[in-house]
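One structure is given below, encoded as structure tokens.
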Amino acid sequence: MEKKFSLIGVLSLVFAMFIWASSFIGLKAAMNDYGAHTVIFTRMIFASMCFLIFIKSFLKYEYTKKDILYILLLALFEPCLYFLFESKALQLTTASQAGMITSLMPLITSVAAVFILKELVSKQFIIGSFLAVFGAVWLSLEATSSATAPNPILGNFLEFLAMACAAGYTVVAKHLTYKFSALFLTAIQAFIGAIFFMPLAFYELSNTEFIFKLDGFLWILYLGVVVTLGGYGLYNFSLTKIDASKASIFMNLIPVFTLVLAYLILNERLSIVEIIASIVILSGVFISQIRVVIPRKLFKFFSKV
């Protein structure tokens with residue numbers, strides 16, 4: 001059954017996308033001081049510590065074997081495989097090419113939601129999705145990158161796998177929200193993520209010299225507490241209010257917010273083309289929600305014009 005328009009659901013998604021956009025700056029800064037797996041593992045540890053006080057409430061749930069399977073699948077999709085694929089992809093391909101693949105995530109999620117969750121997809125949602133994807137691709141093409149691309153074909157394929165994991169995570173999370181709270185789902189991701197990345201981090205630390213740097217440590221703390229709790233918490237909560245296929249379209253706001261944060265924090269300037277592409281993305285997100293925002297009679301009137 002298709003859910004009605006939810007303002008709190010939309011606002012939760014927008015704030016989640018903003019927080020996730022800030023994670024690109026935080027992750028880049030942290031990885032300048034520490035290894036990638038070390039950063040992710042420590043981030044998960046910080047996030048897990050925040051949920052320790054809720055363990056008693058988590059134990060009150062009645063878990064079936066099917067529930068445990070879905071929970072493990074959720075965490076496997078994200079953060080485990082997602083971070084593995086994306087971190088490696090960005091080492092092999094350019095940021096602009098990875099951005100093009102990233103923009104496919106809403107469509108992948110929509111297709112999965114239609115066949116698995118039996119969600120309804122409206123005509124204006126399809127139009128808005130394609131418009132947002134077009135804007136995201138355009139924005140990605142205009143982005144400049146100083147990183148080399150030794151194997152872009154493999155890198156793009158790994159980025160596609162990361163987006164497939166993100167889509168799978170969204171669908172599984174939507175299924176689990178019918179029984180479990182957003183707080184629990186966010187916590188279990190952190191717990192399993194910490195266990196998964198622990199051996200990778202220890203191997204990384206055993207092969208590199210460890211030097212404590214306060215700036216990198218503070219960025220990891222931000223990633224673990226604000227990004228993990230705020231980003232995933234708000235996103236999981238939004239799935240209780242909005243269909244998974246509609247929630248995924250908001251992912252296209254991430255490159256827009258990233259540009260804004262880069263301008264404010266890194267003093268990078270936006271080109272005219274990048275501003276126009278950002279407006280296209282925002283328009284696509286709005287159109288995807290337009291049927292439930294304006295009265296039906298008014299929508300029918302404009303449809304006939």
Side-chain angles (χ1 to χ4, degrees), residues 1-24 47 50-51 54 70-71 73-75 77-79 82 102-103 105-114 116-122 124-126 128-129 132-133 136 163 165-190 193 223 225-258 281-293:
M1 182 177 180
E2 188 176 9
K3 293 181 179 293
K4 295 182 179 180
F5 174 76
S6 172
L7 179 60
I8 189 173
V10 171
L11 290 177
S12 296
L13 275 172
V14 172
F15 279 112
M17 297 307 107
F18 182 83
I19 292 174
W20 278 345
S22 70
S23 69
F24 287 99
C50 296
F51 291 112
F54 300 104
Y70 276 115
I71 289 172
L73 185 61
L74 177 80
F77 278 139
E78 197 166 343
Y82 177 87
T102 302
S103 64
M105 189 268 183
L107 293 182
I108 297 173
T109 304
S110 298
V111 173
V114 169
I116 299 176
L117 301 180
K118 309 300 180 182
E119 291 185 0
L120 300 177
V121 178
S122 62
Q124 63 274 13
F125 169 76
I126 296 175
S129 296
V133 168
M163 291 305 103
C165 289
Y169 156 77
T170 300
V171 174
V172 175
K174 178 62 179 178
H175 174 78
L176 290 172
T177 53
Y178 291 113
K179 182 176 181 179
F180 301 100
S181 68
L183 182 68
F184 169 78
L185 295 179
T186 308
I188 203 66
Q189 285 180 270
L223 291 170
V225 178
V226 178
V227 175
T228 301
L229 295 183
Y232 283 99
L234 287 171
Y235 186 73
N236 288 335
F237 172 75
S238 70
L239 291 178
T240 65
K241 305 294 181 180
I242 296 178
D243 289 332
S245 57
K246 290 184 178 180
S248 63
I249 190 66
F250 284 79
M251 290 289 182
N252 289 294
L253 290 176
I254 292 178
V256 178
F257 287 143
T258 301
I281 295 174
L282 292 173
S283 299
V285 173
F286 174 76
I287 291 175
S288 70
Q289 298 289 317
I290 195 172
R291 184 177 67 86
V292 290
V293 174

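Side-chain atoms are counted along with the backbone in the values below, which use heavy atoms only and exclude waters and symmetry mates. On a predicted model such as this, the values are computed, not experimentally measured, just so you know.
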With side chain to side chain contact (heavy atoms under 4.5 Å, CB included) as the test, pick out the partner of F180 among L183, L176, T177. L176

Taking atom types as modelled, is there a side-chain donor on Y235 or T170 under 3.5 Å from an acceptor on the other? yes

Between atom CG of L185 and atom NZ of K179, what is the distance when rounded to the nearest 0.5 Å? 11.5 Å

Mind checking the CZ-CZ spacing from F250 to F15? Nearest 0.5 Å is all I need. 12.5 Å

CG (L11) and NZ (K241) are apart, to the nearest 0.5 Å, by 12.5 Å

Closest non-hydrogen atoms of S12 and L234, given as atom of the first, atom of the second and distance, are O-CB, 3.6 Å

Does any non-hydrogen side-chain atom of Q189 lie less than 4.5 Å from one of P79? yes

May I ask you to test the T186-F51 pair for a side-chain heavy-atom distance under 4.5 Å? yes

Close side-chain approach of L73 to F77, heavy-atom, < 4.5 Å: yes

Answer whether the closest heavy-atom distance between the side chains of L253 and F18 falls below 4.5 Å. no

To the nearest 0.5 Å, what is the distance between CG on L7 and CD1 on I242? 9.0 Å

Closest heavy-atom pair and its distance - S23, V227: CB-CG1, 3.8 Å

Taking every heavy atom of G231 against every heavy atom of I19, the minimum-distance pair comes out as N-CG2, 3.9 Å

Between F184 and I71, is a side chain to side chain contact (heavy atoms under 4.5 Å, CB included) present by the stated rule, with each step listed? CA-CA 10 Å; F184 169 78; I71 289 172; 3.8 Å; yes

